[in-house]
Amino acid sequence: MTLQDRRRIATGLAEGLGYGEIARGLGRPTSTVTREIGRNGGPSGYRAERAQHATAQRSRRSRTAPVPRRTVPVAISRDRNPAAVGEFADQLAELLVHVGMPRMAARVLGCLYVTDEGSLTSGDLVQRLQVSPAAVSKAIGYLEGQALVHRERDDRQRRERYVIGADIWYRALLASAERNAMLAGITSHGAELLGPTTPAGARMDDASALLERIGQDIVRSVRQWYEERDPVPS
């Protein structure tokens, strides 16, 4: 995305345009605009030049920054009850399944979440969950797609580690906002196709407006929460 694109986004936000309208003006997917705004100040704090600079920094950092070696063993602290911690991880997984996450992905996420280090290898997960490497790989693929987990290369052990960061819910909620934006875009297209004055078109138009508003509110609320607590993750 160019600086000129970012200036047009900033102008659109200042004029009160929705993400879908801005995206159509740029000829880009609504999800791209949603991600761009969410990562660079949200609808109220977006600045084109600052977003351009931040993107350049992130790109440079991703090319040059080495992955830190992890030397702390992944284990439950001795002052905790391993059985109770395991039971809690199972309860968390069951809740995640209840709200729609695939069971194996929920089990992997629950297992990762209760480790102090927030990371495990495929072998660790296979051993702890008593499942196949293929099952772990499929679950990790799903969690990566939801921005809940990322991979880091552990050169010390010559293998990959699957990691959840301190900003896991920040990433997850931004991914949710992006999905809302995509739904808003398709329902907006449906409204245009069906005709906004028809019952079906009006239904689509209402859905599009609601989904876009919810996505914007999610981005705004999440960023405000992090700004009040800690620096917003880049």
(request) Using a strict 4.0 Å threshold on nitrogen-to-oxygen distance, state whether E49 and R7 make a salt bridge. (result) yes

(request) Report whether L211 and L194 are members of the same hydrophobic cluster (ILVMFWY, side-chain heavy atoms less than 4.5 Å apart, transitive linking). (result) no

(request) Determine the minimum heavy-atom distance between E212 and G20, stating which atoms define it. (result) OE2-N, 3.6 Å

(request) Dump the intermediate steps for side chain to side chain contact (heavy atoms under 4.5 Å, CB included) on I140 and R151, then the final yes or no. (result) CA-CA 9 Å; I140 290 295; R151 300 171 190 245; 3.8 Å; yes

(request) Calculate, to the nearest 0.5 Å, the distance between atoms CG and CG belonging to L109 and L96 respectively. (result) 6.0 Å

(request) Examine L125 and I164 and state if one hydrophobic cluster contains both, with Ile, Leu, Val, Met, Phe, Trp and Tyr joined whenever side-chain heavy atoms are less than 4.5 Å apart. (result) yes

(message) Just verifying a value: how many Å separate R107 CZ and Q130 CD, rounded to the nearest 0.5 Å?
(response) 9.0 Å

(request) Could you tell me the separation between the CG atom of L183 and the CZ atom of R179, rounded to the nearest 0.5 Å? (result) 9.0 Å

(message) Once rounded to the nearest 0.5 Å, what's the spacing between atom OH of Y142 and atom CE of M104?
(response) 14.0 Å

(message) Would you say that more than 12 heavy atoms from the other residues, nucleotides or ligands in this model lie under 6.0 Å from the CD of Q127, or not?
(response) no

(request) Answer whether the closest heavy-atom distance between the side chains of S188 and R24 falls below 4.5 Å. (result) yes

(message) For A135 versus V131, what's the shortest heavy-atom pair and its separation?
(response) CB-CB, 4.3 Å

(request) Might you work through the side chain to side chain contact (heavy atoms under 4.5 Å, CB included) test for S119 and Y162, ending with a clear yes or no? (result) CA-CA 5 Å; S119 75; Y162 306 128; over 6 Å; no

(request) Could you tell me which non-hydrogen atom of A184 sits nearest to which non-hydrogen atom of S208, and how far apart they are? (result) O-OG, 2.9 Å

(message) Any non-hydrogen side-chain atom of L143 less than 4.5 Å from a side-chain atom of V108?
(response) yes

(message) So, taking the atom named NE2 in H189 and the one named CD in E192, what distance separates them when rounded to the nearest 0.5 Å?
(response) 7.5 Å

(message) Let me check something: do L92 and V136 share a hydrophobic cluster, defined by ILVMFWY side-chain heavy atoms less than 4.5 Å apart, either directly or through other members?
(response) yes

(message) With no hydrogens and no angle check, just 3.5 Å: does a side-chain donor-acceptor pair link Y46 and E36?
(response) yes

(request) Indicate the atoms forming the closest heavy-atom contact of A207 with T187, along with that distance. (result) C-OG1, 4.1 Å

(request) Step by step, work out the salt bridge (charged side-chain N to carboxylate O under 4.0 Å, His left out) result for E152 and R161. (result) CA-CA 5 Å; E152 289 183 3; R161 302 190 73 87; over 6 Å; no

(request) List the steps and the verdict of side chain to side chain contact (heavy atoms under 4.5 Å, CB included) for I22 and R8. (result) CA-CA 8 Å; I22 296 172; R8 291 175 66 184; over 6 Å; no

(message) In this structure, would L112 and V97 fall into the same cluster of hydrophobic residues linked by side-chain contacts under 4.5 Å?
(response) no

(request) For atom CE of M182, decide whether the heavy atoms of other residues, nucleotides or ligands shown that lie under 6.0 angstrom number more than 12. (result) no

(message) Using every non-hydrogen atom in the two residues, find where L173 and I218 come nearest and quote the distance to one decimal.
(response) O-CG2, 3.5 Å

(message) Membership question, hydrophobic clusters at under 4.5 Å side-chain separation (ILVMFWY): are M204 and I214 in the same one?
(response) no

(message) Checking side-chain polar atoms at under 3.5 Å, does D124 have a donor or acceptor matched by the opposite partner on T121?
(response) yes

(request) Grab the two heavy atoms, one from C111 and one from R128, that are nearest each other, plus how far apart they are. (result) SG-CD, 3.6 Å

(request) In sequence, state the C-alpha distance, the side-chain angles, and the governing distance for R203 and D206, and then conclude on salt bridge (charged side-chain N to carboxylate O under 4.0 Å, His left out). (result) CA-CA 5 Å; R203 193 160 52 243; D206 284 345; over 6 Å; no

(message) Under a 4.0 Å threshold between the charged nitrogen and the carboxylate oxygen, would R28 count as salt-bridged to D5?
(response) yes

(request) Go through the steps to decide whether L26 and E21 satisfy the test side chain to side chain contact (heavy atoms under 4.5 Å, CB included), and finish with yes or no. (result) CA-CA 9 Å; L26 292 172; E21 293 176 276; over 6 Å; no

(request) For R103, look at atom CZ and say whether over 12 heavy atoms of other residues, nucleotides or ligands are found less than 6.0 Å away. (result) no

